Amino acid sequence: MGFIGSGYIGSTLARLAIEAGHQVVLSNSRGPETLADTVAELGPRASAATSGEAAAAGDIVVVTVPVKAFPSLPAAPLAGKTVIDTCNYGPERDGHIPELDSKSLTSSELLLRYIPNAMVVKAFNTIFFKHLLSLARPAGAADRSYLPIAGDSAPAKAAVTEFIESIGYGVVDAGPLAASWRQATGTPVWGTPYGPFSNEKGRPVDEDAIRTALATATR
């Protein structure tokens, strides 16, 4: 697993991935040396690298950066890769992006413009990082939670589903990237089903609840 971005979601995903037996290569915009403490905490399955090296190293690469950082992503090493897009657009942080403000594109479709030869799957953008850590459950658990994914590539979706299941979650297929607006910031499936941020443990959410939340989204 390669990680471009190692903030709250990235480092939480890395922790869950390591616990599930995956190797992780972390990167951020400040350089590998700034990740020394994180790597030391995560243990021998973790290493730090440049974003290009992390992209090249991962069978699956997690992109977890501000949307405004999309133009600086390493497109060449991401070619042919399955890329998990965890990113949420926020004009207050990213500045106004006309295609997103007009809703002519989803943020995942915008990402694909910058990494056109990758296979992008939207995932993990709907859940608070503390809930992501605390709600993971083993396969078969009665209180296993579900996460929505969206993407255009069936093989990439299959790979991401396998990864998500390995770290303790079920998956609901929310359709193609063009439909990923159904899980964007502020939609019914975003954050709310898993409980308020003030409840750090969160609450389990079953498959039906995720499907209902996706279906009730409006644009």
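Just so it is clear, the structure is predicted and the values come from calculations on it, not from any experiment.
With sequence neighbours excluded, the residues satisfying salt bridge (Lys or Arg N to Asp or Glu O under 4.0 Å) with E207 are R211.
Closest non-hydrogen pair, I60 versus A159, comes out as CD1-O, 3.7 Å. What you find for I167 and A136 is that their closest heavy atoms are O-CB, 3.4 Å. The two residues H131 and K201 come nearest to each other via the heavy atoms CD2-C, 4.0 Å. Between P193 and R203, the closest heavy-atom pair is O-NE, 3.0 Å. Among all heavy-atom pairs drawn from L132 and Y169, the shortest one is O-OH, 2.6 Å. The two residues A179 and A174 make their nearest non-hydrogen contact at CB-O, 3.8 Å.
Residue-environment remark: CG (N199) exceeds the threshold of 12 foreign heavy atoms within 6.0 Å. Heavy-atom neighbours of D37 CG from other residues, nucleotides or ligands within 6.0 Å: at or below the threshold of 12.
I84 places none of its side-chain heavy atoms less than 4.5 Å from the side chain of V63. For the pair P71 and Y114, the minimum side-chain heavy-atom distance is below 4.5 Å.
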Can you list, pair by pair, the side-chain donor-acceptor contacts under 3.5 Å of residues 117-124, counting residues two or more places apart and other chains?
unit_1	atom_1	unit_2	atom_2	d
K122	NZ	D85	OD2	3.1
K122	NZ	C87	O	2.4
K122	NZ	S107	OG	3.1

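No hydrogens or angles considered: nothing links the side chains of T82 and D59 as a donor-acceptor pair under 3.5 Å. Using modelled atom types, one finds a donor on one side chain and an acceptor on the other under 3.5 Å when comparing T106 with E109. A donor-acceptor pair shorter than 3.5 Å can be found between the side chains of Y89 and D101.
Applying the ring-ring contact (aromatic ring centres under 6.0 Å, His included) test to pairs two or more places apart or on separate chains, those with a residue in residues 196-219 are F128-F197.
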Step by step, work out the side chain to side chain donor-acceptor pair (under 3.5 Å) result for E53 and T50.
CA-CA 5 Å; E53 290 165 344; T50 66; 3.3 Å; yes
Please evaluate residues T86 and T64 with respect to the criterion side chain to side chain donor-acceptor pair (under 3.5 Å), reporting the C-alpha separation (whole Å), side-chain torsions for both, the decisive distance (0.1 Å), and the verdict.
CA-CA 5 Å; T86 79; T64 179; 2.9 Å; yes
